[in-house]
Amino acid sequence: MSHELKSGFFFLGLSLLVIWESLRVELGSFMEPGSGFLTLGAGLAICTLSVVLICRGWKVRETQKPFSRRVLLVVASLFIYSLVLNLLGFVLATFFLVGSLFYLGQPRQWWWLIGISALVSALTYLIFGVFLHVYFPRGFLGI
Amino acid sequence: LETIQSLAYGFTVCLTPENLLYCFIGVLLGTLIGVLPGIGPSGTIALLLPLIFHAPAVSAVIMLSGIVYGAQYGGSITSILLNVPGEASSVITCLDGYQMALKGRAGPALGISALGSFIAGTLGVMGLMLFAPTLAKFALRFGPPEFSSLAFMSLTLVTYVSKGSVVKSLIMACVGLTMGMVGMDPITSRTRFTFGVSFLTDGFELVYVAMGLFGLSEVLVNLGQTIKREVLDAKIKNLFPNRQDWKDSAMPIARGTILGFFLGIIPGFGQAIPTFLSYAVEKKLSKHPEKFGTGAIEGVAGPESCNNAASSGTFIPLLSLGIPANPSTAILLGALLILGLQPGPLLISGRPDLFWGLVASMYVGNVMLVLLNLPLIGLWIQMLKIPYSLLYVFIVLLCQIGAYSVNNSVNDVLLINIFGLIGYLMKRYEFEGAPLLLGLVLGPMLESSLRRALMMSDGSPLIFFTRPISAVFLIVSIAFLLTPLFSKERVGKKAIEAED
């Protein structure tokens, strides 16, 4: 399935959702347009354009480039970071994030990773937490 | 005389130690991100949005604007020394700039680029100073029909000049418009598109959408590619161009300035497209067009002046009409709204400290940029040697901390990561972020003015065509919407190529 076909179907689904919600929230009239007036227009436009994409994508055969493993792992690290930030606290969660990001950028010696991660997390805490008064989560260790 | 008095007032605002510091930070960051491939001015402004909550309004705007025009200076350094453009607006500089460097003329190439940028930047600010207040006074005649047609025209132009498929760009603009209307309807107070999710009641905040789509996604895209950087090791000498270089560059600088400034005013053109036109014009007018691409100084002077003048031009619709011309100014518009300012015709008269302080800071900023770019060229070359595998960690970390610090909320960190992933997928599937961002920013203005215009006319859509200014905007929009139908160059170009 080509990129155009996949994205065409995605936006067709999205447009149906937009149209449904626009009709639900009151369309109004030309004399007194309601909350869903302009969004209905946008939804109909997305619907029409996604049909164009589907028609175009139907004819295209293309080889798909695989996702970069490094990008997927970085994205996974970022989502894990946002999920554990409250639990582990800023310093500890940032230590693990920075370590994994440096490793994913270029594999290095473990002592280098630990040292630089500790330094970066401590410095960012000092700059943002202490000097700029950002109230970071403290986590179960209280740091 | 009134303009000179206002400018003098602007200098009193700008020349305070605090504002000078913010101006310096802005142009320094602008040069830095211009030098470093992999993050653009839109991404950087988006990353710095959380910081403006802690800064005075004028200082914050001075700093963010410094990034926009500062990036145009830095972008040429990598084009000339690495054959890798630091910014989209410096792509064309690679053609002759790198060839000059290979021939041992990196110094004059960098020199003419910085000095041409300074001349164009300064003239561009003069243009901004003269045109923006005039346009704002003219725009006081605008009513809801004109504003809705203007917003519609801006969106149409942005989709037309976007890279790739117009169909995809139009989809992005419509998705952006819809996203701009998520949350509470300001007229009826009814919530829409929230689907029971409480944080959507306030709508999508520009901060995390812009940081995700333009900051984080750029990093993810670059991580998926191999960035090879081989800096020319030869010592850079003779930064000041000689008499012949000046003779060859004078007219290209003048033409590039005029072209860039006026095209920069038109929404959608931004800084990159005018540089290609400038290069084409210089090649066409040259007595030796065959020298272009082999190290002609005109091929550096014209486009580099053009992108700086264009960057001044983009501020005119932003400050006088409240209409952003490109993603960077769209994020700046968002910043102005965050700071409690209402961009539009009343901004210049209502907040002269902001407008004239900004104009004065641009004169000062351009001087700072020449001083930063020429004597410190060795430092920027050293910066180029930092591997991306180290640099990206700091950009990503800044994204995460920036998102968190807006509301001290982990949810915002999650949201920026979600939008970063969406931005990455959009780039992979060749969807442009600029129309979406402009749709998001212009959506509320378009909706409220459209609804008010229809109420004014008792429901007659003819009001958009019977008022002359509105009619002109709509005719331009329709012309740009219909043009791709008659041109095989744009619609389905990629699909046809893939089919072949």
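In what follows, every chain begins at residue 1, and chains take the letters A, B, ... in the order their sequences are listed.
Each of B/Asn411, B/Asn408, B/Thr178 has some count of heavy-atom pairs under 4.5 Å with chain A, and the biggest count is that of B/Asn408. Listed options A/Gly36, A/Gly34, A/Ala45 were ranked by heavy-atom pairs under 4.5 angstrom with chain B; first place goes to A/Gly34. With chain B as partner, the option from A/Arg24, A/Glu26, A/Lys6, A/Met31 having the largest number of non-hydrogen pairs under 4.5 angstrom is A/Met31. Per-residue heavy-atom pair counts under 4.5 Å with chain A were compared for B/Ile171, B/Asp185, B/Leu390, and the maximum is reached by B/Ile171. Highest contact tally toward chain A, considering only B/Asp458, B/Leu216, B/Ile416, B/Ile401, is held by B/Ile401 [criterion: heavy-atom pairs under 4.5 Å]. Of the listed residues (A/Leu104, A/Leu17, A/Leu38), the one with the most heavy-atom contacts under 4.5 Å to chain B is A/Leu38. Ranking B/Leu398, B/Val221, B/Leu425, B/Leu170 against chain A, the residue ahead of the rest is B/Leu170, based on heavy-atom pairs under 4.5 Å. Each of B/Thr188, B/Val410, B/Asp412 has some count of heavy-atom pairs under 4.5 Å with chain A, and the biggest count is that of B/Val410. Contact count versus chain B (heavy atoms, under 4.5 Å) is highest, among A/Ser68, A/Ser7, A/Pro33, A/Ala42, for A/Pro33.
Annotation for B/Pro435 and B/Leu155: closest pair O-CD2, 4.1 Å, computed over non-hydrogen atoms. Smallest separation of non-hydrogen atoms from B/Ser149 and B/Leu474: OG-CG, 3.7 Å. Here the closest non-hydrogen pair linking B/Ile463 and B/Pro145 is CD1-CG, 3.8 Å.
If you take OG1 on A/Thr124 and CG on A/Leu119, they are separated by 9.0 Å, rounding to the nearest 0.5 Å. Distance CG/B/Leu414 to CG/A/Leu83: 6.0 Å, rounded to 0.5 Å. For the atom pair CE (B/Met456) and CZ (B/Arg452), the distance works out to 9.0 Å, reported to the nearest 0.5 Å. Distance CZ/B/Phe193 to CG/B/Leu200: 11.5 Å, rounded to 0.5 Å. A distance of 13.5 Å separates CG in B/Leu213 from CZ in B/Phe431, rounded to the nearest 0.5 Å. In this structure, the separation between CZ on B/Phe464 and CG on B/Leu454 is 4.5 Å, given to the nearest 0.5 Å.
Only the side chain of A/Leu14 comes within contact range of chain B, with heavy atoms under 4.5 Å apart. In this structure, chain B has a heavy atom under 4.5 Å from the side chain of A/Trp20, while its backbone stays farther away. Looking at B/Pro186, there are no atoms closer than 4.5 Å to chain A (heavy atoms on both sides), in backbone or side chain. For chain A, the nearby parts of B/Ser405 are the backbone and the side chain; heavy atoms of each come within less than 4.5 Å. When heavy atoms are compared at a cutoff of 4.5 Å, B/Met172 approaches chain A solely by way of its side chain, counted from C-beta outward. For B/Tyr404, the part sitting under 4.5 Å from any heavy atom of chain A is the side chain, from C-beta outward, and nothing else. Contact annotation for B/Leu421: only side-chain heavy atoms (C-beta onward) come within less than 4.5 Å of a heavy atom of chain A. For A/Val74, the part lying under 4.5 angstrom from a heavy atom of chain B is the side chain only. Heavy atoms closer than 4.5 Å to chain B are found in the side chain of A/Phe11, but not in its backbone. With a threshold of 4.5 angstrom between heavy atoms, A/Phe37 approaches chain B through side-chain atoms but not through N, CA, C or O. Of the atoms belonging to A/Thr48, not a single heavy atom falls under 4.5 Å from chain B. Using a 4.5 Å cut-off between heavy atoms, A/Leu97 contacts chain B through its side chain alone, with no backbone atom that close. Both the backbone and the side chain of B/Val175 come within contact range of chain A, with heavy atoms under 4.5 Å apart. Contacts of B/Met181 with chain A are made by side-chain atoms alone, with heavy-atom separations under 4.5 Å and no backbone atom involved. Residue contact with chain A, scored on non-hydrogen atoms closer than 4.5 Å, is absent for B/Ile187. Contact of B/Ile418 with chain A is made through backbone and side chain together, with heavy-atom distances under 4.5 Å. Using a 4.5 Å cut-off between heavy atoms, B/Thr191 contacts chain A through its backbone alone, with no side-chain atom that close. B/Leu397 touches chain A through its side chain: at least one heavy atom from C-beta onward sits under 4.5 Å away, while N, CA, C and O do not. For A/Ser35, the parts sitting under 4.5 Å from any heavy atom of chain B are the backbone and the side chain alike.
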Under the side chain to side chain contact (heavy atoms under 4.5 Å, CB included) rule, what do A/Val120 and A/Thr94 come out as? Steps first, then yes or no, please. CA-CA 8 Å; A/Val120 171; A/Thr94 304; 5.6 Å; no
Show your reasoning for whether side chain to side chain contact (heavy atoms under 4.5 Å, CB included) applies to B/Val167 and A/Arg56. CA-CA 11 Å; B/Val167 173; A/Arg56 266 173 26 180; 3.7 Å; yes
Determine whether B/Ser217 and B/Lys427 satisfy the following criterion, side chain to side chain contact (heavy atoms under 4.5 Å, CB included), listing intermediate values before the conclusion. CA-CA 8 Å; B/Ser217 73; B/Lys427 287 191 171 92; 2.9 Å; yes
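Between B/Tyr429 and A/His3, the ring planes are tilted. Angles from 30° to 60° get that label.
The only member of A/Tyr135, A/Phe95, A/Phe136, A/Phe128 that meets ring-ring contact (aromatic ring centres under 6.0 Å, His included) when paired with A/Phe90 is A/Phe136.
Between the B/Asn417 side chain and the B/Val413 main chain, a donor and an acceptor come within less than 3.5 Å of each other.
Contacts of residues 436-445 of chain B with chain A at a heavy-atom distance below 4.5 Å are absent; not one residue qualifies.
Other residues, nucleotides and ligands contribute more than 12 heavy atoms inside 6.0 Å of the CH2 atom of A/Trp112. Heavy atoms from other residues, nucleotides or ligands lying under 6.0 Å from OH of A/Tyr103 number 12 at most.
A salt bridge links A/Glu4 with B/Lys168: the distance from a Lys NZ or Arg NE/NH1/NH2 to an Asp or Glu carboxylate oxygen falls below 4.0 Å.
A donor atom on one side chain and an acceptor atom on the other are not found under 3.5 Å apart for A/Ser15 and A/Ser50. Side-chain contact check for A/Ser22 and A/Thr39: at least one donor-acceptor pair (N or O, by modelled atom type) lies under 3.5 Å.
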